[in-house]
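In what follows, a single structure is set out as structure tokens and then discussed.
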Amino acid sequence: MKRAVGISLGSSKRDKSVAVNLNGVEIQVERIGTDGDMAKARQMYLDLDGKVDAFGVGGVDLYLRLDQKEYPLHAALKLVSGVKQTPLCDGRGLKHTLERRVFQLAKSTLGEVRFKQAFVPVAVDRLGLAEAVGEVSDRIVSGDLMVALGVPIPLYGIPAFKRVARVMLPIVSHFPMSMIFYGSDGAEHEPKYVKYFEESDLIAGDFLFMRKYMPKNLAGKTVVTNTTTEDNIVLLKERGVKTVITTTPRYDGRSFGTNTTEAMLTAYAGKGRRLTDDELNGLIDELGLKPNVMQLN
């Protein structure tokens, strides 16, 4: 049996292990959280290097991609610097393939959809999803400056976001780990930026960023996200969310992050390296991978 292991700086409360069969290939897919313990995560990468088929790198990105350019996050790369054999997947491949195609792949379930306004709390690490959302929304608001940097300025439209990102990413590339680590548990804080949540009928992006600030009432809204546990779905239902679309498939009640899902596909392909966007798109079609659509209310 092949083995894909996602090692995350995030909470161990979100751990999961399932056996997945892809076209007759059995793969053990695991997500292991280290509760923000970077030394523990680093040691785990070193201990398992060469012993598993692919790593998912969770809780932090190794690179951020803007159009055709990738910006390294140097602090994150130090975390995995000793890994020599096992491919490292931080999910950026699936963010620009599976997430970029989310509405196309979900069309058989969703049909044609159109939204008045979409709010993406943080778009910089999910530009493919933001671009997909922009195509089905009359207006898109990115909260990167607000949520990630505490600067109270919303960004309207993908072009405005990209202009700011081109200036910021060379600086973000050198941020310390304390500024690029998402946080270990996604615990709720006081609702913040409520105006943008309330005005938008579509909310999209990383679930931990979303949960951190979302208001108590999300009645009638559509949420596009990833990495949801059964408890997360219950929470969204309680808030009144109408539809939840997880960009990665759900296995045994759990959708894994793009990093662990990409590691699963990398293990399946057996090439001993990260897969290109074209290869990932080919596997998405070959395996019939689709987002998961849940009608909650």
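None of the values given here were measured: they were computed from a predicted structure. FYI, the numbering just counts along the sequence from 1.
At least one donor-acceptor pair under 3.5 Å links the side chain of K221 to the backbone N or O of E198. N292 places no side-chain N or O within donor-acceptor distance of the main-chain N or O of P249, the cut-off being under 3.5 Å. Checking side-chain atoms of R254 against main-chain N and O of T228 turns up no donor-acceptor pair under 3.5 Å. At distances below 3.5 Å, at least one donor-acceptor pair connects side-chain atoms of D144 with backbone N or O atoms of A123. Looking only at distances, a side-chain donor or acceptor of R114 sits under 3.5 Å from a matching main-chain atom of S137. Of the possible donor and acceptor atoms, one in the side chain of K51 sits under 3.5 Å from a partner among the backbone N and O of D47. Within the 3.5 Å criterion, the main-chain N or O of G50 finds a donor-acceptor partner in the side chain of T86. Side-chain atoms of D53 come within 3.5 Å of backbone N or O of R3 as a donor-acceptor pair. With D61 contributing its side chain and L64 its backbone, the two residues share no donor-acceptor pair below 3.5 Å. Formation of a donor-acceptor pair under 3.5 Å by the T97 side chain with backbone atoms of D277 is not found in this model.
Contact of the M177 side chain with the K78 side chain is not registered, since no non-hydrogen atoms from C-beta on lie closer than 4.5 Å. With a 4.5 Å cut-off on side-chain heavy atoms, Y45 and L88 count as touching. Using a 4.5 Å heavy-atom threshold, the side chains of K116 and E199 count as separate. Residues M168 and L149 form a side-chain contact, since some pair of their non-hydrogen atoms from C-beta on lies under 4.5 Å apart. Side-chain contact between L66 and K162: present, with at least one pair of heavy atoms (C-beta onward) separated by less than 4.5 Å. At least one side-chain heavy atom of L236 sits under 4.5 Å from a side-chain heavy atom of M214. Two residues are said to be in side-chain contact when any heavy atoms from C-beta on lie closer than 4.5 Å; V120 and L129 fail this criterion. You'll find the side chain of V124 reaches within 4.5 Å of the side chain of F161, heavy atoms only.
Of all the heavy atoms in L202 and F103, the pair that sits closest is CD2-CZ, 4.3 Å. Of all heavy-atom pairs spanning I153 and L145, the tightest one is O-CB, 3.6 Å. Here the shortest heavy-atom pairing between K237 and L296 reads NZ-O, 2.6 Å. Annotation for L265 and L283: closest pair O-CD1, 3.9 Å, computed over non-hydrogen atoms. Across all their heavy atoms, P121 and F209 have their closest contact at CB-CB, 4.4 Å. In terms of heavy-atom proximity, T260 sits nearest to E30 at CG2-O, 3.8 Å.
Taking the six-membered ring for Trp and thresholds of 30 and 60 degrees, Y251 and F256 have ring planes inclined between 30 and 60 degrees apart.
Salt-bridge check for K95 with E131: failed, with every basic side-chain N at 4.0 Å or more from each acidic carboxylate O. Ion pairing of D49 with K84 is absent here, as no side-chain N (NZ or NE/NH1/NH2) approaches a carboxylate O to less than 4.0 Å.
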* side chain to side chain contact (heavy atoms under 4.5 Å, CB included) assessment of M294 paired with T246 -> CA-CA 8 Å; M294 290 168 281; T246 53; 4.2 Å; yes
* Please step through side chain to side chain contact (heavy atoms under 4.5 Å, CB included) for the pair R92 and E70, ending with a clear verdict. => CA-CA 10 Å; R92 68 187 186 278; E70 291 191 335; 2.9 Å; yes
* Apply side chain to side chain contact (heavy atoms under 4.5 Å, CB included) to R126 and D206, showing your working. => CA-CA 8 Å; R126 314 197 90 83; D206 187 279; 3.5 Å; yes
* To do: Start with the C-alpha distance between R166 and D67, add both sets of side-chain angles, then the distance that settles side chain to side chain contact (heavy atoms under 4.5 Å, CB included), and finish with yes or no.
  => CA-CA 10 Å; R166 284 191 190 96; D67 295 330; 3.2 Å; yes
* To do: Output, in order, the C-alpha distance, side-chain angles, deciding distance and verdict of salt bridge (Lys or Arg N to Asp or Glu O under 4.0 Å) for E262 and R274.
  => CA-CA 9 Å; E262 189 173 324; R274 280 190 66 246; 3.5 Å; yes
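How far CG of N297 is from NZ of K242: 10.0 Å, rounded to the nearest 0.5 Å. For the atom pair N21 CG and I27 CD1, the distance stands at 8.5 Å (nearest 0.5 Å). Between atom CD of residue Q68 and atom NE2 of residue H96 there is a gap of 9.5 Å, rounded to the nearest 0.5 Å. Summarising the geometry, atom OG belonging to S17 is positioned 8.0 Å from atom CD1 belonging to I32; distances are rounded to the nearest 0.5 Å. To the nearest 0.5 Å, atoms CG (N259) and CG (D90) are separated by 7.5 Å. The distance from atom CG of L62 to atom SG of C89, rounded to the nearest 0.5 Å, is 9.5 Å.
Heavy-atom neighbours of E112 CD from other residues, nucleotides or ligands within 6.0 Å: at or below the threshold of 12. The environment of K2 atom NZ is dense: over 12 non-hydrogen atoms of other residues, nucleotides or ligands sit within 6.0 angstrom.
Side-chain heavy atoms closer than 4.5 Å link hydrophobic residues (I, L, V, M, F, W, Y) into clusters, and following such links, possibly through other members, connects L98 to M264. Following chains of ILVMFWY side-chain contacts shorter than 4.5 Å, one cannot reach L105 starting from V113, and the two form parts of different hydrophobic clusters. Two different hydrophobic clusters hold L46 and I7 under the rule that ILVMFWY side chains link at heavy-atom gaps under 4.5 Å. Neither V133 nor F207 shares a network with the other; the hydrophobic side chains, linked directly or stepwise wherever heavy atoms of I, L, V, M, F, W or Y lie under 4.5 Å apart, form separate groups for each. V194 and I203 end up in different hydrophobic clusters when Ile, Leu, Val, Met, Phe, Trp and Tyr side chains are linked at under 4.5 Å.
T248 and N226 form no side-chain donor-acceptor contact under 3.5 Å, judged by distance and modelled atom types alone. Under the 3.5 Å distance criterion, with hydrogens and angles disregarded, no donor-acceptor pair is assigned to the side chains of S200 and R139. For the residue pair N232 / T229, a side-chain donor-acceptor distance below 3.5 Å is found, with atom types taken as modelled. Of the N and O atoms on the side chains of Q117 and Y156, not one donor lies less than 3.5 Å from an acceptor on the other residue. Under the 3.5 Å distance criterion, with hydrogens and angles disregarded, no donor-acceptor pair is assigned to the side chains of R14 and T227.
Applying side-chain contact (heavy atoms from CB on, under 4.5 Å) to V223 and the options I245, I233, T243, V241 leaves one that passes, V241.
Residues Y71 and Y63 place their aromatic rings such that the two centres sit no closer than 6.0 Å.
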